[in-house]
Amino acid sequence: MSNDEEHSGERAEPATVPTGDPETLAEAGELLRALAAPVRIAIVLQLRAGERCVHELVDALGVAQPLISQHLRVLKTAGVVRGRRNGREVVYRLVDEHLAHIVVDAVAHAEEDSEDENASTVNAP
């Protein structure tokens, strides 16, 4: 993306446009539903940096282990993360980088909206 596109909010069109058939749209909806919780978004952001086991996610996010495990189960069922056993621990990773981009773009968008609201409040007469 060029610098002009980044600041104008325009994005380059993808080389191929998704078909939008009902089955694909349903799968996309399930994926977005799986990503629709703040803790799951935080987990994806952590896994974007590399593999993590449950206790590392607990420490990084300050969330109880049972809750992290529950959210990981949702993400695993949705195909967002995979786990592999490493001795007594299970190490989790993102299935692919596309998923991290979805989350990063959503967080960046929310931050832009927040900055815009703060700027308009500060500049209000």
Side-chain angles (χ1 to χ4, degrees):
M1 179 182 306
S2 76
N3 205 22
D4 290 338
E5 288 173 332
E6 183 177 323
H7 292 292
S8 70
E10 294 178 24
R11 296 190 77 152
E13 287 296 317
T16 59
V17 177
T19 61
D21 67 80
E23 185 177 329
T24 300
L25 295 176
E27 289 177 22
E30 289 301 316
L31 172 63
L32 292 173
R33 240 184 310 285
L35 294 171
V39 172
R40 292 195 288 267
I41 290 169
I43 289 170
V44 170
L45 292 174
Q46 285 292 312
L47 296 178
R48 183 174 167 248
E51 294 183 338
R52 301 278 189 276
C53 60
V54 173
H55 77 84
E56 290 172 316
L57 293 168
V58 166
D59 292 344
L61 302 177
V63 177
Q65 183 273 324
L67 190 56
I68 292 289
S69 294
Q70 179 183 1
H71 284 294
L72 283 167
R73 196 168 25 260
V74 171
L75 292 170
K76 189 174 179 184
T77 300
V80 175
V81 301
R82 283 201 182 112
R84 69 172 169 78
R85 187 152 296 280
N86 185 14
R88 292 176 47 127
E89 298 179 322
V90 177
V91 178
Y92 290 90
R93 68 175 177 82
L94 292 175
V95 169
D96 69 41
E97 219 24 58
H98 289 104
L99 302 167
H101 289 294
I102 293 168
V103 171
V104 168
D105 285 350
V107 171
H109 179 74
E111 286 174 344
E112 288 171 1
D113 284 351
S114 178
E115 289 171 5
D116 289 346
E117 286 178 17
N118 289 339
S120 64
T121 303
V122 170
N123 295 328

* To do: Identify the two heavy atoms, one from Leu99 and one from Gly79, that lie closest to each other, and give their separation to 0.1 Å.
  => CD1-O, 4.0 Å
* Decide yes or no for His109 and Asp105: does some side-chain heavy atom of the first lie under 4.5 Å from some side-chain heavy atom of the second? => no
* To do: Examine Val91 and Val63 and state if one hydrophobic cluster contains both, with Ile, Leu, Val, Met, Phe, Trp and Tyr joined whenever side-chain heavy atoms are less than 4.5 Å apart.
  => no
* Asked: Rounded to the nearest 0.5 Å, how far apart are CG of Leu75 and CD1 of Ile41?
  -> 10.0 Å
* Structure fact -> The reported gap from CG in Leu72 to CD1 in Ile43 (rounded to nearest 0.5 angstrom) is 4.5 Å
* Rounded to the nearest 0.5 Å, what separation is found between the CZ atom of Arg84 and the SG atom of Cys53? -> 10.5 Å
* Flag yes if Leu25 and Ile102 sit in one hydrophobic cluster, no otherwise; membership is Ile, Leu, Val, Met, Phe, Trp, Tyr, and two members link when side-chain heavy atoms are under 4.5 Å apart. => no
* Do the side chains of Leu45 and Val104 get nearer than 4.5 Å, heavy atoms only? -> yes
* To do: Assess whether atom NE2 of His55 is packed by more than 12 heavy atoms of other residues, nucleotides or ligands within 6.0 Å.
  => yes
* What distance separates His101 NE2 from Arg48 CZ, expressed to the nearest 0.5 Å? -> 7.5 Å
* Can you measure from CZ (Arg82) to CG (Leu47) and round to the nearest 0.5 angstrom? => 13.0 Å
* Asked: Do you reckon Val44 sits in the same ILVMFWY cluster as Leu61, going by side-chain contacts under 4.5 Å, direct or chained?
  -> yes
* Is it the case that one hydrophobic cluster holds both Leu67 and Tyr92, taking links as side-chain heavy atoms less than 4.5 Å apart, direct or via other members? -> yes
* Donor-acceptor contact below 3.5 Å, side chain Asn86 vs main chain Glu89 -> no
* **Partner residues of Arg33 under the side chain to side chain contact (heavy atoms under 4.5 Å, CB included) criterion, sequence neighbours left out** => Glu30
* Asked: Does some side-chain heavy atom of Gln46 sit less than 4.5 Å from a side-chain heavy atom of Glu56?
  -> no
* Decide yes or no for Glu27 and Leu31: does some side-chain heavy atom of the first lie under 4.5 Å from some side-chain heavy atom of the second? => no
* List the steps, then state whether side chain to side chain contact (heavy atoms under 4.5 Å, CB included) holds for Arg40 with Leu35. => CA-CA 6 Å; Arg40 292 195 288 267; Leu35 294 171; 5.7 Å; no
* Flag yes if more than 12 heavy atoms outside Glu23 fall under 6.0 Å of its CD atom; otherwise flag no. => no
* Structure fact -> Of all heavy-atom pairs linking Arg85 and Val90, the shortest is NH2-CG2, 3.7 Å
* Which heavy-atom pair separates Val58 from Gln65 by the least distance, and what is that distance? -> CG2-CA, 3.5 Å
